[in-house]
Amino acid sequence: MTSFSIGDTDFLRDGSPHQVISGAIHYFRVHPDQWQDRIRKARLMGLNTIETYVAWNAHEPRRGEWDASGWNDLGRFLDLVHAEGMDAIVRPGPYICAEWHNGGLPVWLTGGERELRSSEPAFLADVSSYLRRVYEIVAPRQIDRGGPVVLVQIENEYGAYGSDKAYLEALVTVTRDAGITVPLTTVDQPVDRMLDDGSLPELHKTGSFGSRSAERLATLRKHQPTGPLMCSEFWDGWFDWWGGVHHTTDVATAAADLDELLAAGASVNIYMFHGGTNFGLTNGANDKGRYLPLVTSYDYDAPLDEAGDPTEKFFAFRDVIAKYAPVPEELPARIAAAPTFDVALSPLGGWTDATASGPVTVHPLTFDELGHLSALVRYDVELPGQGGLLAVEDVRDLAWVSVDGQPVGTLSRTRHDRTIRIPAGGLLSILVEDQGRVNYDHRLGEEKGLLGSVTLDGVPLTGWRSTPLDVTAITAAISGRSDDAAEDGPLAWAGDFSLEEPSDLFLETSAWSKGYAFLNGFFLGRYWRNGPQRTLYVPAPATRSGANRLIVLELEHLVAPRASFVGALSLGDTEE
């Protein structure tokens, strides 16, 4: 069997110096039928290793309901990496950030006031159980057992969050006890405090950065005096949020930074090689004084774009890598333009008007108290006969307010809204959307919904019914056409079309306002006219030869009752 270890100055593969040239692909952001294609293209760029996080909340969305099949088949993903003749780096967290909802932590884990990412016994017990399940998959696939896995990471940028050494030591213990024998690493930004707080002496420290490589490597070397230098997150792009721009990085500059890293003899993991997509409701959010939910696309301006097409950056990076390592002569074929066509949409009626059947409570119940993992909860309360100034303590994250079914306005966490004036009426309804859970820093695990008291002219409103709305279940239950297309409030729409063969598609959403799109039951994700993203990526395996059905759950209104499929990604305006 092949050995992989850490020497005085280098990684050692069977005793010989080895430079890791890796790229990140998150299996949970890519359709499983496309994993092999993405991995193969990584090899063709010259990479010798694939890195992936493990998303705990994808594997165990509800406590005890563990799933490692289909989209969550980490073992199959690693086997495909191995079949391509490549190594693998696994970063199981438990916290991953990754612009993924709740930083990868399950909602059932983070709800309430429990201490996170610490040696608090109950938290540590849950984390240990999770890691043991992951290592059941990873351990037999280590390089010294004939598999691809050469490195395993402990936690993730922990120095930016805490400094609980007992927590890190416990993670190391459960990792080693589970049979992980390959070298263990940590990653932190090249800041003295973070590198000090985020690791242990027996763990190999690596850095995360995207520029000023020589300076950052020098800082890393102060904290990791022996062994190989490694940038295990070389940021070659950035993520986008609703209401912002599409972020890109200069190709020549990114290639020069990569060149500087490799010339220094450092190993690297390119974050991302292929970003993929936040399908469904999996996008995260940031809040550094202003809440910014992230878009559905995780293109990341990576060498391989959201649809798996090599970009200019792919070829520039390939040329750089060729200076330091063998690169295959074969080049990946460019993807042909997708089919372009329009589909008329027919109204299917309202979809947020489910009968309120929950218990009456003094205050609205949060998503977490309801155990609700989907996007929406509708809150209903009887009004005391007059209108006035409605004030909510906190809305997370976007709310549509109506009285007796008539829209009044919205309350937005991003806008820091707290109040809205409402007319007199009988029933107040507030439809609240969880727009994505914060994935970074100390807002991890925050609850969603209407939080705290709700008052009308300073008098508390009580007697609430909180009705969870599962958008996937609603889509599956929708059938039949409705002629009532003029009703106020959210409407569902459907369109049918035929394809000669399965094909990648790009669904243009700029003629819609805000909502969710499904194709043949596959949840493509969120759309929002707020931009910058203008297309939803439809992976070919979600389409069919012959009849296909698109369902759109619109929260506001369609500018035009049609769906347009265009020839390529449209991710929005850049800052240039």
Side-chain angles (χ1 to χ4, degrees), residues 1-25 36 39-40 42-52 74-92 134-154 172 175-187 199 201-207 217 220-221 224-234 258 261-270 273 317-318 320-330:
M1 295 299 176
T2 304
S3 65
F4 192 92
S5 59
I6 293 176
D8 291 338
T9 57
D10 299 281
F11 289 115
L12 300 177
R13 190 184 180 89
D14 281 341
S16 299
H18 176 74
Q19 191 171 27
V20 175
I21 306 177
S22 174
I25 303 174
Q36 186 173 33
I39 293 166
R40 179 173 175 272
R43 180 179 62 80
L44 295 183
M45 196 177 81
L47 302 182
N48 56 32
T49 306
I50 297 293
E51 175 270 318
T52 187
L74 172 62
R76 176 174 171 262
F77 180 80
L78 294 174
D79 291 344
L80 289 172
V81 172
H82 189 46
E84 201 63 42
M86 303 178 75
D87 294 336
I89 299 170
V90 178
R91 304 205 286 166
V134 173
Y135 294 144
E136 287 175 5
I137 299 167
V138 174
R141 292 176 170 86
Q142 294 177 98
I143 191 167
D144 54 4
R145 301 193 199 178
V149 178
V150 295
L151 296 171
V152 169
Q153 183 178 288
I154 299 296
V172 172
T175 300
R176 290 304 190 198
D177 287 350
I180 300 300
T181 54
V182 296
L184 303 181
T185 66
T186 54
V187 62
S199 193
E202 65 267 32
L203 301 175
H204 191 75
K205 299 178 181 68
T206 71
L217 289 175
L220 178 60
R221 181 53 88 196
Q224 184 59 57
T226 64
L229 292 169
M230 182 172 186
C231 176
S232 58
E233 280 192 25
F234 173 69
L258 178 62
L261 263 176
L262 295 179
S267 288
V268 67
N269 175 56
I270 296 167
F273 165 71
F317 281 14
R318 186 177 184 275
V320 169
I321 293 168
K323 296 164 62 176
Y324 305 95
V327 171
E329 291 185 10
E330 181 185 355

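Positions are given from 1, in the same order as the sequence printed here. The structure displayed is predicted, hence computed values, not measured ones.
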Give, for atom [atom1] of [X] and atom [atom2] of [Y], the distance between the pair rounded to the nearest 0.5 Å.
X      : Y      : atom1 : atom2 : value
Thr9   : Leu229 : OG1   : CG    : 10.0 Å
Leu262 : Phe317 : CG    : CZ    : 10.0 Å
Ser16  : Asp10  : OG    : CG    : 10.0 Å
Ile154 : Arg176 : CD1   : CZ    : 7.5 Å
Phe273 : Ile39  : CZ    : CD1   : 10.0 Å

Looking only at heavy atoms, which two atoms of [X] and [Y] are closest? And how far apart?
X      : Y      : answer
Pro140 : Tyr135 : CD-O, 3.9 Å
Ile6   : Pro228 : CG2-CD, 3.6 Å
Gln224 : Lys205 : OE1-N, 2.9 Å
Ser22  : Ile89  : OG-CD1, 4.0 Å
Ile143 : Met1   : O-CB, 4.3 Å
Ala88  : Leu78  : CB-CD2, 3.8 Å

Look at the side chain of [X] and the backbone N and O of [Y], then say whether any donor-acceptor pair between them is shorter than 3.5 Å.
X      : Y      : result
Gln19  : Ala266 : yes
Arg318 : Leu44  : yes
Arg13  : Pro17  : no
Thr52  : Ile25  : yes
Asp14  : Thr2   : no
Gln142 : Gly179 : yes
Asn269 : Met230 : no
Arg141 : Gly75  : yes

Short N-O contact, Arg91 and Glu233, less than 4.0 angstrom: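 Salt bridge present between Arg91 and Glu233.
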
Step-by-step side-chain contact (heavy atoms from CB on, under 4.5 Å) determination, His18 to Asp87: CA-CA 12 Å; His18 176 74; Asp87 294 336; 4.1 Å; yes

Intermediate values then yes/no, side-chain contact (heavy atoms from CB on, under 4.5 Å), Val152 and Leu184: CA-CA 5 Å; Val152 169; Leu184 303 181; 4.0 Å; yes

Working for side-chain contact (heavy atoms from CB on, under 4.5 Å), residues Phe77 and Ile50: CA-CA 10 Å; Phe77 180 80; Ile50 297 293; 3.9 Å; yes

Criterion side-chain contact (heavy atoms from CB on, under 4.5 Å) on Ile270 and Met45, from CA distance to verdict: CA-CA 12 Å; Ile270 296 167; Met45 196 177 81; 3.9 Å; yes

Residue of the set Thr206, Thr186, Thr185 for which side-chain hydrogen bond (donor to acceptor under 3.5 Å, both in side chains) holds with Ser199: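 Single side-chain hydrogen bond (donor to acceptor under 3.5 Å, both in side chains) partner of Ser199 among Thr206, Thr186, Thr185: Thr186.
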
Option passing side chain to side chain contact (heavy atoms under 4.5 Å, CB included) with Phe4 (candidates Val149, Leu151, Val182, Asp144):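 Looking at Val149, Leu151, Val182, Asp144, the match for Phe4 under the side chain to side chain contact (heavy atoms under 4.5 Å, CB included) is Leu151.
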
